[in-house]
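Written below as structure tokens is the structure these notes are about.
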Amino acid sequence: MEAAYDPQRVEAHWYDRWESAGVFRPEHNPDGAPFCIVIPPPNVTGSLHMGHALNLSVQDVITRRKRMQGFAALWVPGSDHAGIATQNVVERELAAEGKTRHDLGREAFIERVWDWKARSGGRITEQIRRMGFSCDWTRERFTMDEGLSRAVRTVFVRLYEEGLIYRGNRIINWCPRCHTALSDIEVEHEDTTGELVYIDYPFTDGSGAVTVATTRAETMLGDTGVAVHPDDERYRDQVGKTVRLPLLGRKIPVVADEGVDPEFGTGAVKVTPAHDPLDHEIAERHGLEAIAMLDEEAVVTEAGGRFAGLDRYAAREAVKEALAADGVLRKIEEHHHSVGHCYRCHTAVEPYLSDQWFVKVRPLVIPAIETVRRGEMRFIPERWENNYFHWMENLRDWTISRQIWWGHRIPAWTCADCGEVTVAETDPTTCACGSTDLVQDPDVLDTWFSSALWPFSTLGWPDDTGDLAKFYPNSVLVTAYDIIYFWVARMIKMGLHFPGKPPYPDVVIHGLIRAADGRKMSKSLGNALDPLEVVGEHGADALRLALIQAASPGHDVPFQVEWVDAARRFGNKLWNAVRFAVPHLEGVDLPADGGYPDDPEPEERWVLARLHETYRRVDDLLEEYRFSDAYGLLYNFAWSEVFDWYLEMAKTPLRGDEAATAAHTVGIVLRDLLKLFHPVIPYLTEELWSHLVGGDRLLAGAAWPDPPAYEAPLGFEDFRALVVGIRRFRAEHGLSPRHPLTVTLVDPAGEAEDWWDRQFEALAAVSPQTAKGEPSGEAFTRVAAGEVQAFISLEGIVDVEDERVRLRKDADDAAETLARIEKKLANPQFVERAPAEVVSKEREKAAELGSKVSRLRAQLDDLG
RNA sequence: GGGCGCUUAGCUCAGGGGGAGAGCGCUUCCUUGACGCGGAAGAGGUCACAGGUUCAAAUCCUGUAGCGCCCACCA
């Protein structure tokens, strides 16, 4: 075994071994109960970021543990075609060649994207492997592969036939840069300081003007009305009149509509039906015409007269100038509001009137809400359920068509002869009218439409596959909170509607990884950490352990690289612990499971008892998805109990006659630690397992431990307190840790156990004499634990005055605490009302402190 | 405008009615045959503030302040 822990070397070879042994396949445990997680499919365009690293680490901890517990555990990997994002990437590549997608044409462009995917799309899966995540790659899926595309079509057609998908002409969110419609949640609102522009619209009868207020002066070119609230006294007489639209001269009516907020601006609003959702509604109620004055690039159309050809921002300035020149620009105020931006390219979105496909969500939402309310599904932490409910209850229809080329083509054909629309799973050749002149809808579906089907489409749906029967519903979903709406909510709706069951009972929500400065990690801010760089430096295990320990449920975490360093040092410690044990285990047959000693030595009983207790708590915490707590606990047990105490205590017997027995127990304890740590740090534990247990058996395929309970030896804590007391005595008097001391153990009740002797030598470098009564005749100090006291001779060692000062401080501190507890015990309310357990615990404490105080006082007296 | 979360040791954060915790940092000592990427012993906190409930509040409730996030047709 190499002297030093080198993560890069350790992590170089195990993944292939695991994969070729088939341990990541559920068939590894053919008789186990099914367990299934589907990966949140990363974008093919993407590379692994810290968020993925956390998300996947959590899933791997879950999956590897379940696998070790004997489940037929399946973790389905895959990636998402990421419509707009991927198309943008390839278009950018084309732009560098001086071309647009239109130069290539649709087919060639799509081919180009597939090329790009073949070339660069595999990067993220390579990174997933590098980090050791135990996915079943034989079941890898892609949202645009044949099977998933078929699932998409089946769902589309069925929803269409049920009337839950429809086509309509509506105001939608339009990205003028991506040239596509977006759903409501694909719009990110950003607070902006803009202007509120007041414009006079003169009445055609010459009786003055009505003043409207707008943040978007340029849209007045598309105005076809002015609206006021019906109860607004100020405008009562003006409803029904006609105004002349400035600059264009169009005559437009003043209408009364409930949708107008009389408090805002002047209480009169200009109505631009083609470019504002509220205005569009008002226009429909009053029969006002919709005039499109911006095109799909947000450039003013012919309808804008002399402003045609200007983009929206240039038009805004030009229109304001022209209005001012005409004397109808009343005033301009600063105005704070939020403006929607495209979540892909951050261009300000435009409300845009167009023909789109929609999913009618109401009928899908109701069962999705009820399922969670009934507790058939739960969010962890639970508080995310409220956000989910609130969002679902206020959901509007989902715009699913996108005017891009990369994605699932909408399976709808329009007959060129009769205009009839045919929606079908297989491409139709003839229309119901007999015509063969069918044109397929040019649009593709929202990327999130296919990801909504992921929990069952990846398992073979709509076919009745064995995997579908076995692994749907999935067991748990793990995701960050930022895609609950995009993804989780829609999976629940689709899962309930199609396979007819909730996709998984548990939804584990974790936070986002933030930069050390607390801000969002982003390439443009330059504060993003590349997980693969971190892995290159400290190893995948270290990063995984750091992420798992840092991630508290549902909260963001500002990530510090130092954590990874600390995690790597833990790896080094574990490495060295095993390296220490291995030579002792030569000739000892350490089983892969079981082998717990029947009649252990007291030191062993202590560690075995602690191993059992720790295992129980860690396992319970893992079952509750409290990974950070679980591994924090295990980490501390391993380091501060096993390594710092038990291995030190084991050294004495390992040199003695019973070396083989002692080594066996050391081996068992370390072996179970490797098992328990394996889900987080699989590489290191696998490597150490090969040295410790040996053989062909892989830890990744081994069984989860179940260490039995042991009764810890009495007085272990007392013993430990005495050792610390002696060490502390030396440290506080500036003596070296092995400075010889004369110690007498006074043990009136005979509580000291035989094994204390050997451990006093090993751990405290003293060989105490045992006595029934207190020694006398020289100056001494004492450290106490329970009834046993260790008297340390001060002869020739310590300035007695120093010791007196120290003792006095200790005595005063103890007396103070005692006084507080006694006061509490003197309160009859406390004694009556507090649980008996608490009261007796306080009494015990008081008794302990009482004897401590009198002991310390006695010592002071002894010193004179 | 509505909702949610956070405020605990120098830093980053756990915890969650009855003895204040971790990692990093800090102080002192120690090259003991697993490990100096280590060991031993320490220092350091009126748990944001104000009320309330309770025998008991860092923990539960109400309010205040600051910070952060999400949602909203804020013309």
Side-chain angles (χ1 to χ4, degrees), chain A residues 1 3-5 171 184-185 189 191 194 196 212-216 219 227 259-261 264-266 268-272 276-282 335-340 351 383-384 386-387 390-391 394 396 481-482 484-485 511-512 514 516 518 546 549-550 552 554-560 562-563 565-584 628-629 632 635-636 643-644 647-648 651 655 723-724 727-732 734-738 762-765 817 820-821 824 827-835 837-839 841-842 845:
Chain A
M1 204 178 150
Y5 167 45
I171 295 262
D184 292 345
I185 49 175
H189 294 273
D191 288 337
L196 195 57
V212 299
T214 179
T215 55
R216 303 197 55 197
T219 61
V260 177
D261 174 8
F264 189 90
T266 61
V269 59
K270 56 190 261 331
V271 180
T272 319
D276 183 277
L278 175 64
D279 291 8
H280 188 251
E281 280 177 31
I282 293 175
H335 182 65
H336 301 277
H337 62 143
S338 77
V339 175
R383 67 190 154 86
W384 287 105
N386 287 329
N387 290 47
H390 185 258
W391 186 71
N394 295 296
R396 298 191 302 163
Y481 60 77
D482 59 341
I484 293 177
Y485 303 151
L512 271 25
R514 298 189 165 271
Q549 286 191 296
S552 64
H555 281 290
D556 289 356
V557 24
F559 191 79
Q560 329 258 132
E562 295 77 41
W563 297 345
D565 200 52
R568 200 202 69 249
R569 289 207 301 275
F570 176 80
N572 186 61
K573 187 75 181 174
L574 185 60
W575 175 277
N576 280 295
V578 172
R579 192 162 75 95
F580 162 72
V582 162
H584 294 287
S628 169
D629 292 341
Y635 179 103
N636 284 318
F643 303 153
D644 289 347
L647 288 188
E648 291 307 317
K651 283 175 182 174
R655 289 191 206 104
V723 169
V724 170
R727 286 170 174 173
R728 183 178 175 178
F729 174 82
R730 285 199 184 96
E732 287 186 345
L735 304 173
S736 87
R738 302 196 73 80
L763 301 177
T817 315
R820 213 188 59 224
I821 293 172
K824 204 173 185 180
N827 178 357
Q829 304 268 44
F830 170 73
V831 179
E832 268 168 47
R833 301 206 192 185
E837 216 181 273
V838 173
V839 176
K841 209 171 149 194
E842 292 294 314
K845 263 193 278 181

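Chain naming here is simple, since letters A, B, ... match the order of the sequence lines and numbering starts at 1 in each. All of these numbers come straight from a predicted model, not from anything done at the bench.
Rounded to the nearest 0.5 angstrom, A/Ile185 CD1 and A/Trp391 CH2 are separated by 4.5 Å. Note: A/His189 NE2 to A/His337 NE2 = 12.0 Å, rounded to the nearest 0.5 Å. Rounded to the nearest 0.5 angstrom, A/Asp276 CG and A/Glu281 CD are separated by 9.5 Å. Annotation: the span from A/Gln560 atom CD to A/Asp565 atom CG amounts to 12.0 Å, rounded to 0.5 Å. A/Leu735 contributes atom CG, which lies 15.0 Å from atom CZ of A/Arg727 (distance to the nearest 0.5 angstrom).
Only the C1' atoms considered, B/A65 is 7 Å distant from B/C49, to the nearest whole Å. Distance noted for atom C1' between B/G45 and B/G10: 11 Å (whole Å). Annotation: B/U12 and B/G19 have their C1' atoms spaced 26 Å apart (nearest Å). Atom C1' of B/G44 sits at a distance of 32 Å from the matching atom of B/G52, rounded to the whole Å. Of the P atoms belonging to B/U53 and B/A58, the separation is 15 Å, rounded to the nearest Å. The separation of B/U46 from B/A40, taken at their C1' atoms, amounts to 32 Å, rounded to a whole angstrom. Nucleotides B/C47 and B/G63 have their P atoms positioned 22 Å apart, rounded to a whole Å. Atom name P, nucleotides B/C6 and B/A14: the rounded distance is 9 Å, in whole Å.
Whole-Å rounding puts the A/Asp565 CG to B/G36 P distance at 15 Å. B/A14 atom C1' lies 7 Å from atom CG of A/Asp629, rounded to whole Å. Atoms CD (A/Glu648) and P (B/G33) sit 11 Å apart, rounded to a whole Å. What separates CZ of A/Arg655 from P of B/G33 is a distance of 10 Å, to the nearest Å. Whole-Å rounding puts the A/Glu562 CD to B/G23 C1' distance at 10 Å. Spacing between atom CZ of A/Phe570 and atom P of B/G36 amounts to 17 Å, rounded to whole angstrom units. In this structure, A/Leu763 atom CG and B/C30 atom C1' are separated by 16 Å, rounded to whole Å. In this structure, A/Trp563 places its CH2 atom 11 Å from C1' of B/A14, rounding to the nearest Å.
Residues A/Tyr5 and A/Asn576 are not in side-chain contact: their nearest non-hydrogen atoms beyond the backbone lie 4.5 Å or more apart. Within the 4.5 Å cutoff, no side-chain heavy atoms of A/Phe643 are placed close to those of A/Phe580.
For the pair A/Asn572 (side chain) and A/Arg568 (backbone), a donor-acceptor distance under 3.5 Å is absent.
When the nucleotides B/G5, B/A34, B/C37 are ranked by their closest atom to the side chain of A/Asn572, B/C37 comes out on top. Comparing atom distances between the A/Pro737 side chain and each of B/C30, B/C4, B/C24 picks out B/C30 as nearest.
Contacts of A/Asn394 with the nucleic acid, taken as non-hydrogen atoms under 4.0 Å apart, are absent. Looking at heavy-atom distances under 4.0 Å, A/Arg568 makes contact with a base.
Put simply, A/Arg738 has no side-chain N or O that comes within less than 4.0 Å of OP1 or OP2 on B/C30. Residue A/Lys651 places at least one side-chain N or O under 4.0 Å from the OP1 or OP2 atom of B/A34. The side chain of A/Arg727 contributes no N or O atom lying less than 4.0 Å from OP1 or OP2 of B/G39. Dashed line: the shortest gap from a side-chain N or O of A/Arg728 to OP1 or OP2 of B/G42 is under 4.0 Å.
When all heavy atoms are compared, the tightest approach of A/Asp184 to A/Arg396 is OD2-NH2, 3.4 Å. Of all heavy-atom pairs spanning A/Trp563 and A/Pro558, the tightest one is CH2-O, 3.1 Å. Closest approach of A/Ala213 and A/Gly265 over heavy atoms only: CB-CA, 4.1 Å. The minimum heavy-atom distance linking A/Ile171 with A/Pro351 is given by the pair CG2-CB, 3.8 Å.
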For RNA chain B, just give me the dot-bracket, please: Watson-Crick or G-U, both distances below 3.5 Å, ( ) intra-strand, [ ] crossing earlier pairs, | paired with another strand, . unpaired.
(((((((..((((....[..)))).(((((.......))))).....(((((..]....))))))))))))....
Anything under 3.5 Å between a protein N or O and an N or O of nucleotides 17-22 of chain B, put it in a table, one pair a line.
unit_1	atom_1	unit_2	atom_2	d
B/G18	O2'	A/Glu842	OE2	3.2
B/G19	OP1	A/Lys845	NZ	3.0

Which protein N or O atoms sit under 3.5 Å from an N or O of nucleotides 66-75 of chain B?
unit_1	atom_1	unit_2	atom_2	d
B/C74	O2'	A/His335	NE2	3.4
B/C74	O2	A/His336	O	3.3
B/C74	N3	A/Ser338	N	3.2
B/C74	N4	A/Ser338	OG	2.4
B/A75	O3'	A/Thr214	OG1	3.4
B/A75	O3'	A/Thr215	N	3.2
B/A75	O3'	A/Thr215	OG1	3.1
B/A75	N6	A/Asp261	N	2.7
B/A75	N6	A/Asp261	O	2.8
B/A75	N1	A/Asp261	N	3.4

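When the nearest nucleotides of RNA chain B are assigned to A/Gln560 and A/Phe580 by heavy-atom distance, the more 5′-ward of the two goes with A/Gln560. Comparing A/Gly734 and A/Val831 by the nucleotide of RNA chain B that holds the closest heavy atom to each, the one mapping nearer the 5' end is A/Gly734.
The side-chain tip of A/Lys573 does not point at the ring of A/Tyr635 from less than 6.0 angstrom away and within 45° of straight on.
Remark: the A/Thr817 side chain and the A/Lys845 side chain contain no N/O donor-acceptor pair separated by less than 3.5 Å.
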